[in-house]
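Report on one structure; see the data block that follows.
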Protein chains: 2
Amino acid sequence: MESRIERLCVEKGLKMTGQRRTIARVLSEATDHPDVEELYRRATTLDARISIATVYRTVRLLEEKGILERRDFGGGRARYEPTEHGRHDHLIDIDTGRVVEFTDDAHVAALEAIARELGFELVSHRLELFGRRRRAAGERRPGAEARRAAPRAATRGTPR
Amino acid sequence: MESRIERLCVEKGLKMTGQRRTIARVLSEATDHPDVEELYRRATTLDARISIATVYRTVRLLEEKGILERRDFGGGRARYEPTEHGRHDHLIDIDTGRVVEFTDDAHVAALEAIARELGFELVSHRLELFGRRRRAAGERRPGAEARRAAPRAATRGTPR
DNA sequence: GTATTTGCAAACTTTTTGCTATTGG
DNA sequence: CCAATAGCAAAAAGTTTGCAAATAC
């Protein structure tokens, strides 16, 4: 079956190689925000003859075509997600790194107003909230070290 | 004269070497958001025996001490600015790359509400607006190519 | 059939690090 | 004096690219 992303690729007139089909499928099935290495891992599970260079070239191409969007949640790696119709922003759990999506309908208007006040027309925006899970009374949260480390998501040279 | 950043360093008990003093001064005098290479350039103008490794180590240290804040405006390089008392966000002119600062007092409350609704306590946030200068009627704006290229600020491998 | 795409490995950019020499307090 | 820091050059990590072989249309 043809994946959603594959359909979009065809619509854009892209030549559909086996590799692209596989990557498109991985992207269509993803509900998170994988980085290139993760995409590569998932893709090679389905088809071993895909190189990481192809994954890089493909995400770049799909981004240029407006099919994918590149995100940066800190940590030095670009992460990707399919372009959605409904625009949304992200909240990152600083203890676990988990990403929660939310929409900010009412918000965008406020942002537009801010931009206009500064003499600009708002083209796009990036809003990321960093938060900590609120626990019920008495509930304990993860170790203190994690709490110290998390706020600055992994500095570049993090060993795997 | 002791620069503002240098004073903060001393307060934090940091050993003030000549190099750090120079970098602190450069940071204190900056009104923009320089990346490491730019800091290095400015610092070596004042004192030639500063290595780029020291600049990297210093910004990292100052960031850990809460004296500096790391920003990412796209383009693959981290940019730095002294921690301000008044919190502010950024609007990036997608035609010129110029960064405009603004405060969003009323906004933060709204963000906190969003986080709370999702079950989180807001720790920090990142808000960047990307906009285009609004011109008076009849005024022309920069070439169309620039407009196409700008939204994705320079991909990694940009030649100097 | 031919223009595109792939794999591979090498190059490149940004950032970190090991080691020795230097220096601030 | 001695722990902390600097310089240098090499290593990492992420990403891009040149080129020959493979492939979609």
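What you see is a predicted model; the values in this text were computed from it and never measured. Each chain gets a letter, A, B and so on, in the order its sequence line appears, and its residues count up from 1.
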Whichever of B:Lys15 and B:Ala53 has its nearest DNA chain D nucleotide further upstream toward 5': B:Lys15
Atom pair distance, as rounded to whole Å: CZ in A:Arg60 and P in C:dT6: 14 Å
Between C:dT5 (P) and A:Leu62 (CG): distance, integer Å: 11 Å
With B:Asp32, the salt bridge (Lys or Arg N to Asp or Glu O under 4.0 Å) member among B:Arg42, B:Arg79, B:Arg98: B:Arg42
Sidechain-backbone polar pair: B:Ser28 side chain, B:Ala24 backbone, donor-acceptor under 3.5 Å: yes
Audit row: B:His107, B:Leu127, side chain to side chain contact (heavy atoms under 4.5 Å, CB included) steps and yes/no: CA-CA 10 Å; B:His107 228 63; B:Leu127 172 62; 4.0 Å; yes
Contact nearer the 5' end of DNA chain C, comparing B:Ala78 with B:Arg21: B:Ala78
Length of the line joining A:Ile52:CD1 and D:dA13:P, which is rounded to integer Å: 13 Å
B:Tyr56 vs C:dT15: side-chain N/O to OP1/OP2 distance below 4.0 Å: yes
Any A:Arg57 side-chain nitrogen or oxygen under 4.0 Å from OP1 or OP2 of D:dT15: no
Between C1' of C:dT15 and CD of B:Glu38, the distance in whole Å: 18 Å
Rounded distance in Å - NZ (B:Lys12) to P (D:dA4): 18 Å
B:Arg77 CZ to D:dT15 P, straight-line distance once rounded to whole Å: 16 Å
Gap between atom OG1 of B:Thr83 and atom CD1 of B:Ile5 - 0.5 Å precision: 7.5 Å
B:Arg20 side chain near D:dT5 phosphate (N/O to OP1/OP2, under 4.0 Å): yes
Residue-phosphate contact under 4.0 Å: B:Thr17 side-chain N/O, C:dG24 OP1/OP2: no
Interatomic distance, A:Arg49 CZ vs C:dT6 P [rounded to whole Å]: 11 Å
N or O in side chain of B:Gln19 less than 4.0 angstrom from D:dG7 OP1/OP2: yes
Cation-pi check, A:Arg70 onto A:Tyr80 ring (under 6.0 Å, within 45° of axis): no
B:Asp35 CG to C:dT14 P, straight-line distance once rounded to whole Å: 8 Å
Sugar-phosphate only, base, or nothing, as touched by B:Ile50 at under 4.0 Å among non-hydrogen atoms: sugar-phosphate
